[in-house]
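Below, read A as the first sequence line, B as the second, and so on, with proteins coming before strands; counting in each chain starts at 1.
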There are 2 protein chains.
Amino acid sequence: MSPPDTKQRILDAAEHLFATDGYHATSLRCITHAAMVNLAAVNYHFGSKEALLEAVIVRRLTPLNEMRLGQLEALLQRSEQSRQVPSCREVLRTFVEPTLRQRQNGSEKGDFVTLIGRTLAEPRGIAMTIFMRHMDPLMIRLYQALSLALPGLSQQLLFWRIHFAVGSLSHIMRCHERHSLVPEDVRIDLPVDELVELFLDFAVAGMEAAG
Amino acid sequence: MSPPDTKQRILDAAEHLFATDGYHATSLRCITHAAMVNLAAVNYHFGSKEALLEAVIVRRLTPLNEMRLGQLEALLQRSEQSRQVPSCREVLRTFVEPTLRQRQNGSEKGDFVTLIGRTLAEPRGIAMTIFMRHMDPLMIRLYQALSLALPGLSQQLLFWRIHFAVGSLSHIMRCHERHSLVPEDVRIDLPVDELVELFLDFAVAGMEAAG
DNA sequence: GTCTATACGATGATAGAC
DNA sequence: GTCTATCATCGTATAGAC
């Protein structure tokens, strides 16, 4: 019944190493060494290195998406009851806040956000199938909600602006370390709540811009 | 004197294959086969696979940055002569338009934009050193220009909003293929000029948002 | 069912002959 | 400058022990 923790140990080690060093730079031998399991255990439990990446992602993406979708549906229900369309900021917040908040949790969950951001930028094949399966239902609902919140936007404009906003969010998901161009008096390690508001200020204004 | 075209043939083949299949998925043997040169020629001329990637990027990034910096300096000079601060849209345009316009040129130059977008998202080591060396001077000038255009913004706000805008741009640099969530009546292959204006509408509104 | 030991082909890198 | 030969390491596959 209770499964041996081999799978869990592999998942934990892989999550941390993938996020820290990148998917390609992490060898299975390095993962199995850190997890103190045999090399072949990866292929036995997961089938391949790429399938392991998917398992690592899905483990955290599923509950995260449930939270995001739950908050979105709750918002839509409230707006329906009050006969008011939801605001663009409220809609975006249901997506952005759970995402960025995960970064400040225990280290392994923060790793996950970085990993997602990086994997989103991978060439197709590795990430595309994973995200198509697990993100599409949520994204479709987000589309509908934003279409309600921004009735003045054409389908075309709405699509492109969501595209821009997603790109921006995925960027801050993976880039949260000090790099060369940060002025001295700028805080790169902003508290999550402030970062969420900063991002929403930017994204909402972009979404609502005159077209 | 005139170098044999071995280096050029390697650069051309690598640029296309890196952009099409991704850096890690492209083997040196595949590159040298396409370039019709010996495997060891890569390490002789460039030193390593990663150094080859840098050479591929620098070859096109240098003239692109010269164009972006040239347009920015010209704008700043005009604004100084007219005693008017440049607009945020004008400043951003000097960066965005040359970038996206390169995508529609000959196929190999379009490859390059995709490659840049992807490399920007790589974990540190591969890309960080390349971009620090070749982007920082331009980015510093962009900072100054945007600081002029948006005098109401604090250093902190300016930094974060540039961060958001760069993330958004890098996203559309690498993602310009049809994916699952594109509605039927949305054009994913927008003409470059329209895409530039669409992006500027979004980014300028985000930059100028009330803080 | 789980796990281990071992082997295979392909990769990036390098040394040395020409 | 170019090539062949060779190396350690990679992801993967399988046979067999527990």
Side-chain angles (χ1 to χ4, degrees), chain A residues 1-59 115 118-119 122-130, chain B residues 1-57 115 118-119 122-130:
Chain A
M1 262 306 130
S2 70
D5 52 359
T6 302
K7 275 184 82 167
Q8 292 297 325
R9 287 219 305 279
I10 293 175
L11 284 172
D12 291 337
E15 179 174 58
H16 182 249
L17 290 168
F18 282 160
T20 304
D21 303 330
Y23 171 76
H24 294 282
T26 305
S27 70
L28 289 183
R29 284 163 178 84
C30 187
I31 293 171
T32 53
H33 177 78
M36 294 181 294
V37 301
N38 186 272
L39 168 64
V42 171
N43 274 287
Y44 173 75
H45 284 287
F46 300 97
S48 69
K49 185 184 182 184
E50 195 170 319
L52 171 61
L53 174 64
E54 171 158 3
V56 166
I57 290 176
V58 167
R59 176 170 68 147
L115 179 58
R118 291 234 177 99
T119 310
E122 290 274 340
R124 54 188 28 60
I126 293 196
M128 194 52 81
T129 50
I130 300 178
Chain B
M1 264 307 131
S2 69
D5 51 0
T6 301
K7 277 185 81 164
Q8 291 297 325
R9 286 217 308 279
I10 293 175
L11 283 172
D12 291 337
E15 178 174 59
H16 182 250
L17 290 169
F18 282 160
T20 304
D21 303 329
Y23 170 75
H24 289 99
T26 305
S27 70
L28 290 182
R29 286 164 176 83
C30 187
I31 293 171
T32 52
H33 177 78
M36 293 181 295
V37 301
N38 186 271
L39 169 63
V42 171
N43 274 290
Y44 173 75
H45 284 287
F46 299 97
S48 69
K49 186 184 181 185
E50 194 170 318
L52 171 61
L53 173 64
E54 170 157 2
V56 167
I57 289 176
L115 179 58
R118 292 231 178 100
T119 310
E122 291 274 342
R124 55 189 31 57
I126 294 196
M128 193 54 80
T129 50
I130 301 178

Please state whether the phosphate of [N], meaning OP1 or OP2, lies under 4.0 angstrom from any side-chain nitrogen or oxygen of [X].
X: N43(B); N: dG12(C); answer: no
X: H24(B); N: dT11(C); answer: no
X: T6(A); N: dC3(C); answer: yes

Excluding sequence neighbours, so at least two apart, what forms side chain to side chain contact (heavy atoms under 4.5 Å, CB included) with [X]?
X: A41(B); value: T6(B), I10(B), V37(B), H45(B)
X: A40(A); value: N38(A)
X: A19(B); value: D111(B), L115(B)
X: A34(A); value: A13(A), L17(A)

The criterion is ring pair (Phe, Tyr, Trp, His ring centres under 6.0 Å); which residues satisfy it with F46(A), sequence neighbours excluded?
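By the ring pair (Phe, Tyr, Trp, His ring centres under 6.0 Å) rule, F46(A) matches no residue at all.
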Can you tell me the distance, in whole Å, between the [atom1] atom of [X] and the [atom2] atom of [N]?
X: I10(A); N: dC3(C); atom1: CD1; atom2: C1'; result: 10 Å
X: H45(B); N: dT2(D); atom1: NE2; atom2: C1'; result: 8 Å
X: H33(A); N: dG11(D); atom1: NE2; atom2: C1'; result: 19 Å
X: L28(A); N: dC10(D); atom1: CG; atom2: P; result: 9 Å
X: E50(B); N: dA13(C); atom1: CD; atom2: C1'; result: 13 Å
X: K7(B); N: dT2(D); atom1: NZ; atom2: C1'; result: 15 Å
X: Y23(A); N: dC10(D); atom1: OH; atom2: C1'; result: 12 Å
X: F46(A); N: dG1(C); atom1: CZ; atom2: C1'; result: 15 Å

Which sits closer to the 5' end of DNA chain D, T26(A) or Y44(B), going by the nucleotide each is nearest to?
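The residue closer to the strand's 5' end, by nearest nucleotide, is Y44(B).
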Sort me out a list of protein N/O and nucleotides 5-9 of chain D N/O pairs below 3.5 Å, or just none if empty.
none

Would you mind telling me which of dA13(C), dG11(D), dT4(D) lies closest to the side-chain atoms of N38(B)?
dT4(D)
Distance-only, no hydrogens or angles: does the K49(B) side chain make a donor-acceptor pair with backbone N or O of S27(B) under 3.5 Å?
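No.
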For the residue pair H24(B) and H24(A), categorise the inter-ring angle as parallel (less than 30°), tilted (30 to 60°) or perpendicular (more than 60°).
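Parallel, since the angle between the ring planes stays under 30°.
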